[in-house]
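Beneath this line is the structure, given in structure tokens, with notes to follow.
The figures here come from the full heavy-atom set of this structure, side chains too, leaving out hydrogens, waters and symmetry mates. Nothing here was measured: the structure is a model prediction, and the numbers come from that model.
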Amino acid sequence: MLSNGILSEQLTDGHRDLQDRAAGHFTPQWLDKWRTAPDGHLRRETWQDLAANGFLGVSLPRELGGQGLGLLGALVLGEALAGARDGGIALAMHVQNEIACEWLVSARDQALRDRYLHGLIAGELVACQCDTDPSPEEPTTATTEGDRIVLHGRKKFVINGATADLCFVSAVLDGAPAIIAVEKSTPGVRVTEVYDKLGTRSVDSALVEFDGVRVASAQVVSRSGISQLMRWNRVMSRMRLLIAADAFFTHRALLEHITGYVRGRSLGGRPLGAWPVNAHALARARAHQELMEAGIADAYLRVTAGGSTVPEIAELKWFCVEKANELAALATDLEGGAGYMWDSPSLRAHAQLRGFRMSGGSQTTMLTIANHSMACRAELELAPAGADGARRG
């Protein structure tokens, strides 16, 4: 997609250098070296290795310690990370590079940036984003008490949750949404469960509790208002775009694998791929892959132009992840009994894609965002026109 696709003309020498360095680095063998156990999550010291090799802060401005490669740099890195064949490392890196660092870069408080940003880029600190409450009836809340913020709540399925030193916690602060930076070492912060999960196992996912945690009011990274909403939308849209790209990279590798497999596997005296039902299914998958690539390129151009892209990127994330999951299900069936063994490339890809379904917002959430957008557009189209022909409402 990035070497000979729509975005290839956007690549600078810096992007190509990152591409060359990262392409040979992120292999299954590299990942095995840094796991806590076979199929386990990354060891804590992995982050210093990533920093030493120049893979942290790639999208951040140079004046803040980054490499100045922007969102395209994150896509270049994501394409290379797919070579490790475990989507967890990509999700972990997205949280570190594109969520945590972005909160600090866009914060008005210079002291917060000075305190944490260098550590994140150097791999000395690992960050997590704590978003998912146990239920709508159990929101994470915070209240202001003098110059302190007191935080109560639990967050589920937190990527990097067990490893992280720094938590960016979404909470209702004095009745309004906010993001609060909380150091893991603060009294009252506890990791109470590290989940055992199907895919993306190279990154831990944890349940993190905040029981009367007291932090300085200066730790509020973002609070309610238009600015908070715009920053939240920017952070989540970038994350969802990168996950859509992760699904595309997985789909591309899986389609190449299964196309080769069905050419060499015979059934009823002819190659498995020559049967019309299979040929048609794989042709649809190729069409879906081209649509994914075009959608990702379009979304990238929209984001970098500063346009409003929240519903469009939600739709894109849904489409890419959904179609990649469909191909993974087909590929496991085409592999026959081998497709249900854990060393099957198709089954491994299916497991990674299950993790992408939930990350950055579930597929149900993506459809809900898209449906809300469609409903709003329909209302605007039905609104009566004024004397000047403009729609009202």
Side-chain angles (χ1 to χ4, degrees), residues 26-43 46 78-95 132 156-163 193-207 239-240 242-262 281-282 285 288-289 292 317-366:
F26 294 106
T27 64
Q29 293 74 29
W30 173 86
L31 185 57
D32 288 343
K33 173 185 174 182
W34 291 103
R35 288 184 185 271
T36 54
D39 274 336
H41 56 77
L42 296 171
R43 300 202 308 272
T46 312
E79 185 169 35
L81 289 168
R85 300 179 191 168
D86 186 307
I89 177 63
L91 295 177
M93 295 277 276
H94 298 337
V95 169
T132 305
K156 301 174 67 177
F157 315 129
V158 179
I159 293 172
N160 291 341
T163 307
E193 182 177 0
V194 179
Y195 298 105
D196 189 14
K197 55 186 180 176
L198 175 62
T200 64
R201 294 177 66 90
S202 61
V203 61
D204 67 78
S205 296
L207 175 64
M239 180 70 170
R240 289 165 185 164
L242 291 171
I243 294 172
D246 294 334
F248 167 80
F249 299 137
T250 303
H251 185 282
R252 183 177 63 184
L254 182 56
L255 184 58
E256 181 180 356
H257 159 73
I258 199 61
T259 299
Y261 179 87
V262 297
L282 292 174
H288 291 154
Q289 184 166 298
M292 289 181 201
K317 191 254 182 184
W318 177 88
F319 180 81
C320 291
V321 172
E322 201 70 19
K323 297 310 172 184
N325 271 271
E326 288 178 9
L327 176 61
L330 171 67
T332 56
D333 284 344
L334 288 174
E335 285 189 350
Y340 294 90
M341 303 298 114
W342 190 231
D343 61 353
S344 157
S346 301
L347 187 60
R348 289 273 183 167
H350 187 69
Q352 307 315 311
L353 290 160
R354 293 300 303 179
F356 295 159
R357 292 184 71 88
M358 304 310 299
S359 302
S362 69
Q363 293 293 85
T364 301
T365 300
M366 298 304 99

- [ ] Let me see the working for Phe248 and Gln289 under side-chain contact (heavy atoms from CB on, under 4.5 Å), right down to the final yes or no.
- [x] CA-CA 7 Å; Phe248 167 80; Gln289 184 166 298; 3.6 Å; yes
Task: Heavy-atom pair of closest approach, residues Ala162 and Ala206 - done: N-CB, 3.7 Å
Open item on the list: Restricting to side chain to side chain contact (heavy atoms under 4.5 Å, CB included), what partner residues turn up for Arg354, sequence neighbours left out?
Closed with: Leu198, Asn325, His350, Arg357
Task: Working for salt bridge (Lys or Arg N to Asp or Glu O under 4.0 Å), residues Arg348 and Asp343 - done: CA-CA 7 Å; Arg348 289 273 183 167; Asp343 61 353; over 6 Å; no
TODO: Indicate the atoms forming the closest heavy-atom contact of Cys320 with Ala244, along with that distance.
DONE: CB-O, 3.6 Å
Task: Side-chain heavy-atom pair Trp318, Thr365 within 4.5 angstrom cut-off - done: no
Task: Check against side-chain contact (heavy atoms from CB on, under 4.5 Å), Met93 and Leu242 - done: CA-CA 11 Å; Met93 295 277 276; Leu242 291 171; over 6 Å; no
TODO: Decide yes or no for Ile159 and Ser359: does some side-chain heavy atom of the first lie under 4.5 Å from some side-chain heavy atom of the second?
DONE: yes
Task: Option from Gln352, His94, His251 for which side-chain hydrogen bond (donor to acceptor under 3.5 Å, both in side chains) with Asp246 holds - done: His94
Task: CA sep, side-chain torsions, deciding dist, call: Ser346, Leu254, side-chain contact (heavy atoms from CB on, under 4.5 Å) - done: CA-CA 7 Å; Ser346 301; Leu254 182 56; 3.7 Å; yes
Task: Arg35 side chain reached by Asp86 side chain, heavy atoms, under 4.5 Å - done: yes
Open item on the list: Going by side chain to side chain contact (heavy atoms under 4.5 Å, CB included), name the residues that satisfy it together with Glu193, two or more places apart in sequence or in a different chain.
Closed with: Tyr195, Leu207
Task: Beyond-backbone contact of Phe26 with Leu31, side-chain heavy atoms, under 4.5 angstrom - done: no
Open item on the list: salt bridge (Lys or Arg N to Asp or Glu O under 4.0 Å) for Lys317 and Glu322? Distances and angles first, verdict last.
Closed with: CA-CA 8 Å; Lys317 191 254 182 184; Glu322 201 70 19; over 6 Å; no
Open item on the list: So, taking the atom named CD1 in Ile243 and the one named CE in Met358, what distance separates them when rounded to the nearest 0.5 Å?
Closed with: 11.0 Å
Open item on the list: I need the minimum non-hydrogen distance between Ala349 and Thr250, along with the two atoms involved.
Closed with: CB-CG2, 4.0 Å
Open item on the list: Applying ring pair (Phe, Tyr, Trp, His ring centres under 6.0 Å), can you list everything that pairs with Phe356, at least two apart in sequence or on another chain?
Closed with: none
Task: Heavy-atom check, side chain of Asn160 versus side chain of Leu91, under 4.5 Å - done: no
TODO: For residues Val321 and Gln363, determine if any side-chain heavy atom of one lies less than 4.5 Å from a side-chain heavy atom of the other.
DONE: yes
Task: Distance (rounded to the nearest 0.5 Å) between Phe249 CZ and Leu81 CG - done: 9.5 Å
Task: Distance in Å, Asp32 CG paired with Thr27 OG1, rounded so as to fall on 0.5 Å steps - done: 8.0 Å
- [ ] Could you tell me which residues satisfy salt bridge (charged side-chain N to carboxylate O under 4.0 Å, His left out) with Arg85, sequence neighbours excluded, listed by chain and number?
- [x] none
Open item on the list: Whether the side chain of Lys197 engages the backbone of Thr200 through a donor-acceptor N/O pair (distance < 3.5 Å, no angle test) should be reported.
Closed with: yes
Task: Exercise: identify the closest heavy-atom pair between Gly83 and Pro28 - done: O-CD, 3.2 Å
TODO: Check whether any side-chain heavy atom of His288 sits under 4.5 Å from a side-chain heavy atom of Leu327, and report yes or no.
DONE: no
TODO: For the residue pair Ile89 and Leu42, establish whether any side-chain heavy-atom pair is separated by less than 4.5 Å.
DONE: yes
TODO: Report yes or no: does Thr36 contribute a side-chain atom to a donor-acceptor pair with the main-chain N or O of His41 at less than 3.5 Å?
DONE: yes
Task: Heavy-atom closest pair, residues Leu330 and Ala281 - done: CD2-CB, 3.7 Å
- [ ] Could you pull out the closest heavy-atom pair between Leu353 and Ala324, with the gap in Å?
- [x] CD1-O, 3.4 Å
TODO: Name all residues meeting the side chain to side chain contact (heavy atoms under 4.5 Å, CB included) criterion together with Tyr340; count only those two or more places apart in sequence or in a different chain, and write none if there are none.
DONE: Thr332, Asp333
Task: Sequence-distant partners of Ser344, side chain to side chain donor-acceptor pair (under 3.5 Å), two or more places apart - done: Glu335
